[in-house]
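Some notes on the structure that comes next.
Bear in mind the structure is a predicted one, so any value in this text is a computation, not a measurement. We count residues from 1, following the sequence as given.
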Amino acid sequence: MWLPCGRASRRVVSSFSRRVFRSYFHVEGRRKFNVAAFMPEAAGIQGLSDRSTLQEFSVSNGESFWAAAARHRLSWISPFHTAQDCDLSRGRIKWFEGGKLNVSVNCLDRHVHTCPEKVALIWERDEPGSEVEVTYRQLLEMTCRLGNLLRRRGVKKGDCVTIYMPPCPLAVASMLACARIGAAHNVVFAGFSAEALAERIRDAHSSTVITVNQGVRGGKVIELKKTVDTAVDSCPMVQQVLVAMRTENPVAMTARDDVVCEPAVMDSEDVLFLLYTSGSTGKPKGLVHTQAGYLLYAALTHRYVFSYHDGDVFGCVADIGWITGHSYSVYGPLANGGTTVLFESTPIYPDPGRYWEMVQRLKINQFYGAPTAIRLLLKYGDQWVHKYDRSTLKTLGSVGEPINTEAWEWYHRVVGDGRCPVVDTWWQTETGGICISPRPSDPDAEIVPGMAMRPFFGIKPVLMDTEGKVLTSNNTSGALCISQPWPGMARTIHNNHQRYIETYFSKSFCPVPTGYFFTGDGAYRSKEGYYQITGRLDDVINVSGHRIGTAEIEDVVVSDDCPLPVSSGVYTFVVLKKDVDVQETDLSRLLNDMVSKKIAKYACPDFIQFVHRLPKTRSGKIMRRVLRKVVERDLNGLGDLSTLDDPAAVQEIIQGHRELRGQQQQQQQQP
């Protein structure tokens with residue numbers, strides 16, 4: 001019930017295993033390419049002989065391609081008159097102008113008309129085996145009741161509602177209720193501190209906050225309402241807090257509630273949601289995504305990257321507080337009328353078999369998770385995977401950071417039994433959806449471990465050197481940019497369009513010519529034209545005049561030849577695999593020998609610090625900013641640590657750093 005309350009070098013690939021994995025499909029002979037069967041949205045496009053010509057058309061005739069896709073995939077109240085009006089040099093991105101629609105109608109109503117009792121959501125609660133299924137009819141009713149409640153309490157079209165909730169049906173209904181009445185939503189990861197939450201509430205100017213009384217994760221109760229109470233103390237604009245009780249039922253309803261909520265008529269470019277992501281200065285950026293373009297891109301990428309088909313169960317284990325959860329737990333699957341899993345727990349609760357037990361029980365067909373979690377589970381051994389039936393799996397996905405070869409091969413060989421293609425996806429909060437991925441492609445097309453490989457339809461990536469010159473050859477590295485707009489990209493930074501332009505369309509250390517979107521990532525383009533992400537450009541280090549990405553060193557030290565799962569640059573942090581018994585001095589010598597052999601002597605770490613764990617966010621990402629500040633001995637610049645899964649890890653690293661520095665000084669003082 002609801003309670004109102006007051007980023008590098010060609011050597012990267014050479015360090016990889018060059019085994020190429022084919023998909024599990026077997027193609028006998030060459031068949032005529034049936035455009036309509038593969039992609040109904042492109043059925044009217046003439047002269048397409050195969051998927052490669054479709055890809056070429058989508059780039060060279062982007063406006064026509066996206067217009068056809070939008071007309072077919074989305075339900076419109078009024079048709080659009082202009083497919084795009086974009087000028088990247090000015091940061092102006094507009095798609096489908098004149099068109100009017102409602103996102104919640106596209107995600108719910110049109111499916112209720114055809115299959116009301118189809119399961120929309122499977123809430124995989126923290127307690128294994130206690131999942132809750134919600135049909136499209138139930139989700140629509142839940143959304144309408146909540147939409148009416150928000151309207152009664154004064155939330156208007158154009159307002160922004162902050163949602164601080166764990167993955168659950170009510171959180172999805174809250175997002176869709178906002179979309180239904182024309183309010184934007186600002187979902188804040190329900191692991192952020194009160195201070196981090198308050199900063200996002202204030203920047204979004206939210207007068208309404210929706211939360212739950214408590215969250216449950218990994219067997220632990222999290223006092224979310226208390227966090228909200230502390231946060232709103234410094235947010236005078238907040239007028240009301242709506243609190244849902246986390247009970248056995250997805251929502252408590254009464255006969256007095258109105259199950260009809262008239263959907264607001266929204267322009268294509270009206271704001272759908274804000275989502276905050278960290279900036280280089282540490283101050284979060286409120287990225288703005290709009291209605292039609294975002295929804296279309298999320299739906300198409302979900303359908304074609306993962307080869308999602310009607311009746312499949314899609315298992316994205318990202319939190320809804322991140323863009324992955326927005327696009328591939330909520331909007332993409334629901335726009336496609338799919339069944340999507342909301343994962344509330346952790347990969348190792350109650351044991352390291354949690355993911356795979358869930359796959360067996362829910363009969364998941366596509367599984368989408370983070371490399372950090374895959375590396376973690378790899379350490380526990382194959383037995384936790386083999387214990388469960390994973391025969392329903394058809395596609396495995398990786399998201400959040402580049403996946404190293406060892407983890408990729410384990411994921412493919414053990415989890416997928418060598419038969420499931422692994423799609424290593426590259427994208428960002430700013431892009432709205434997947435931009436580079438091994439799929440879609442011909443069924444027998446190769447997949448190279450550790451490479452994102454192929455751009456999605458309509459995406460035209462380019463590489464640039466440090467002077468802003470476009471690199472046209474293959475077998476080269478540079479700054480990854482995208483040369484033309486696409487519907488899913490963020491439109492601006494909330495309240496700071498100039499920052500948006502300066503961040504994404506110009507860079508002082510890598511001047512970007514007008515008309516290019518700067519991703520901030522480095523990439524390598526192989527001789528075959530495939531793309532491999534080499535890490536953030538601000539993680540590129542200069543050693544004796546040589547530029548090298550941290551990902552390049554990391555892939556060497558996490559190879560099968562060495563029992564280490566991660567490092568982070570010339571100053572290297574190392575976490576040993578479980579039960580490894582070896583002297584640190586011997587291991588340091590081995591590491592340096594490997595880096596010298598596989599990359600160059602100049603890339604050998606100057607310091608190797610062995611740690612029990614690395615500082616990670618609750619979503620599993622390594623907080624490299626914190627490690628950098630420890631190495632620089634700038635402890636006052638650590639910034640907000642509230643997003644850390646375990647802040648004590650930082651103190652352990654600081655102490656270990658001091659001890660390592662002390663040992664170095666003693667060695668220097670010896671005659």
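- From S58, atom OG reaches atom CH2 of W66 across 7.0 Å, with rounding to the nearest 0.5 Å.
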Could you please spell out the steps behind the salt bridge (charged side-chain N to carboxylate O under 4.0 Å, His left out) verdict for D351 and K387?
CA-CA 12 Å; D351 56 54; K387 185 177 179 180; 5.2 Å; no

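- In this model, no donor atom of one side chain and acceptor atom of the other lie less than 3.5 Å apart for N365 and T392.
- Between the W123 side chain and the S130 main chain, no donor and acceptor come within less than 3.5 Å of each other.
- Considering NE2 of H412 and CG of D424, their distance stands at 13.0 Å, rounded to 0.5 Å.
- H111 pairs by the ring pair (Phe, Tyr, Trp, His ring centres under 6.0 Å) definition with Y136, not counting sequence neighbours.
- Here the side chain of H185 pairs no donor or acceptor atom with the backbone of A183 at under 3.5 angstrom.
- Among residues two or more places apart in sequence or in another chain, the side chain to side chain contact (heavy atoms under 4.5 Å, CB included) test is passed with S75 by N106, R110.
- Under the rule for a ring pair (Phe, Tyr, Trp, His ring centres under 6.0 Å), the partners of F96 that lie at least two apart in sequence or sit in another chain are F80.
- Judged by distance alone, the side chain of T429 and the main-chain N or O of I323 form no donor-acceptor pair under 3.5 Å.
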Determine whether W384 and L377 satisfy the following criterion, side-chain contact (heavy atoms from CB on, under 4.5 Å), listing intermediate values before the conclusion.
CA-CA 8 Å; W384 289 106; L377 297 175; over 6 Å; no

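- In summary, D109 and R180 engage in a salt bridge, as defined by a charged side-chain N under 4.0 Å from a carboxylate O.
- Not one N or O on the side chain of Y349 forms a donor-acceptor pair closer than 3.5 Å with the backbone of P128.
- The ring-ring contact (aromatic ring centres under 6.0 Å, His included) test with Y294 is passed by exactly one of W486, W95, Y331: Y331.
- Judged purely by distance below 3.5 Å, without hydrogens or angles, the side chains of Q291 and S268 never pair a donor atom with an acceptor atom.
- Looking only at distances, no side-chain donor or acceptor of D203 sits under 3.5 Å from a matching main-chain atom of E199.
- Classification of the F314-F306 ring pair by plane angle, with boundaries at 30° and 60°, yields perpendicular.
- For the residue pair Y368 / T324, no side-chain donor-acceptor distance below 3.5 Å is found, with atom types taken as modelled.
- Using a 4.0 Å cut-off between charged nitrogen and carboxylate oxygen, R217 and E344 do not count as a salt-bridge pair.
- Contacts of Y308 classified as ring pair (Phe, Tyr, Trp, His ring centres under 6.0 Å), with partners at least two apart in sequence or in another chain: H302.
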Let me see the working for V422 and W408 under side-chain contact (heavy atoms from CB on, under 4.5 Å), right down to the final yes or no.
CA-CA 8 Å; V422 176; W408 191 102; 3.4 Å; yes

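- At least one donor-acceptor pair closer than 3.5 Å links the side chain of N148 to the backbone N or O of V260.
- Of the possible donor and acceptor atoms, none in the side chain of H205 sits under 3.5 Å from a partner among the backbone N and O of I201.
- Of the inter-residue distances, the one linking H289 atom NE2 with L274 atom CG reads 10.0 Å to the nearest 0.5 angstrom.
- Under 4.0 Å is where a charged nitrogen must lie from a carboxylate oxygen, and between R303 and E41 no such pair does.
- Contacts of P440 classified as side chain to side chain contact (heavy atoms under 4.5 Å, CB included), with partners at least two apart in sequence or in another chain: F38, Y304, V305, F456, F457.
- Under the 3.5 Å distance criterion, the side-chain polar atoms of T492 are left unmatched by any main-chain donor or acceptor of H494.
- To the nearest 0.5 Å, atoms CG (L287) and CD1 (I493) are separated by 5.5 Å.
- Side chains of T301 and Y328: a donor on one and an acceptor on the other come within 3.5 Å.
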May I have the step-by-step check of side-chain contact (heavy atoms from CB on, under 4.5 Å) for W356 and R390, ending in yes or no?
CA-CA 7 Å; W356 324 124; R390 304 161 326 281; 4.3 Å; yes

Verify side-chain contact (heavy atoms from CB on, under 4.5 Å) between Q366 and K394, making sure each step is shown before the conclusion.
CA-CA 6 Å; Q366 295 86 11; K394 297 190 291 187; 4.0 Å; yes

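- With sequence neighbours excluded, no residue satisfies ring pair (Phe, Tyr, Trp, His ring centres under 6.0 Å) with W426.
- Rounded to the nearest 0.5 angstrom, M142 CE and L170 CG are separated by 5.5 Å.
- Between F189 and Y164, the shortest heavy-atom distance links the atoms O-CE1, 3.5 Å.
- Of the charged side-chain nitrogens involved, at least one lies within less than 4.0 Å of a carboxylate oxygen, so that E124 and R354 count as a salt-bridged pair.
- Using a distance-only test at 3.5 Å, with no hydrogens or angles considered, no donor-acceptor pair links the side chain of T346 to the main chain of G218.
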Kindly determine whether T290 and E269 satisfy side-chain hydrogen bond (donor to acceptor under 3.5 Å, both in side chains), including the steps that lead there.
CA-CA 5 Å; T290 56; E269 284 299 323; 3.2 Å; yes

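- Atom CH2 of residue W427 and atom OG of residue S437 lie 11.5 Å apart, to the nearest 0.5 angstrom.
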